[in-house]
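None of these values were measured; they are calculated from a predicted model.
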Amino acid sequence: MLAAMLLISCAPGSGEFVPDSPTGSIIGTVVVTDGSYDVNGKDTTFYDYVGNNIKAELTRLKDDTTKYNIVLYKVCFSNHMPVTIDMTIPGVQMDARGNLTGDNIVPYAGLFGEYPRYTIRNLTGKVVFDATGKAGALTLDMLCGKYPTSYEGMYVKDNS
């Protein structure tokens, strides 16, 4: 019971889907520069890790209309990562033009709680709007720990 209370108390503030805002579901690709590697004898070869069809969600914080949570679902960051995780990047700032910024954000990894080893730094991004003013695409660039990481996705109609 105490462990469950600790996990709940460390969780980021919940977000909400807000009509006529850029909140919603997104499907896209994550790229981690030099996130994967192969070892052949004494030689190690590093290469970019690419994860396709990664679902993301953008939700607005209930107590601050300029901050959003970004969740990447069932994401993996390396070919040597044994499991996928649901990673939340809490409290990302968004201006009126859809520009995203954040620095020194400790992400949450599902039930594992805070993940300070992979603190998000230099996060920049953009919500791109279509001609009717609806959110159409999301782009992110950041350092996840020491790894340059990007995400690009398109908003989708959620069938759930």
Transitive ILVMFWY side-chain link V71 to V30, under 4.5 Å: no

Applying the 4.5 Å side-chain criterion to the ILVMFWY set and letting contacts propagate, would V32 and Y115 be lumped into a single cluster? yes

Main-chain N/O of [Y] paired with [X] side-chain donor or acceptor, under 3.5 Å:
X: Y151; Y: G28; answer: yes
X: T84; Y: C76; answer: no
X: N104; Y: T119; answer: no

Taking only residues two or more places apart in sequence, or in another chain, which ones meet [X] in a side-chain hydrogen bond (donor to acceptor under 3.5 Å, both in side chains)?
X: D43; answer: none
X: T45; answer: none
X: T29; answer: N52

Partner of I120 under side chain to side chain contact (heavy atoms under 4.5 Å, CB included), picked from I89, L140, I70, is I89

Under the side chain to side chain contact (heavy atoms under 4.5 Å, CB included) criterion, do I85 and F77 qualify, and how do the steps go? CA-CA 9 Å; I85 61 171; F77 296 99; 4.2 Å; yes

Let me confirm one number: the [atom1]-[atom2] distance from [X] to [Y], rounded to the nearest 0.5 Å.
X: M94; Y: L58; atom1: CE; atom2: CG; result: 4.5 Å
X: C144; Y: I105; atom1: SG; atom2: CD1; result: 11.0 Å
X: D64; Y: Q93; atom1: CG; atom2: CD; result: 6.5 Å

Would you check, one step at a time, whether the test side chain to side chain contact (heavy atoms under 4.5 Å, CB included) holds for I54 with I27? CA-CA 6 Å; I54 304 299; I27 298 292; over 6 Å; no

Would you sort out whether L72 and D86 count as a side chain to side chain contact (heavy atoms under 4.5 Å, CB included), showing the intermediate values? CA-CA 6 Å; L72 300 174; D86 295 343; over 6 Å; no

Please check if atom [atom1] in [X] has more than 12 non-hydrogen atoms from other residues, nucleotides or ligands closer than 6.0 Å.
X: F129; atom1: CZ; value: yes
X: D130; atom1: CG; value: yes
X: K126; atom1: NZ; value: yes

May I have the step-by-step check of side chain to side chain contact (heavy atoms under 4.5 Å, CB included) for D34 and Y47, ending in yes or no? CA-CA 4 Å; D34 289 339; Y47 53 94; 5.6 Å; no

Which label fits F46 and Y37: parallel for a plane angle under 30°, tilted from 30 to 60°, or perpendicular past 60°? tilted

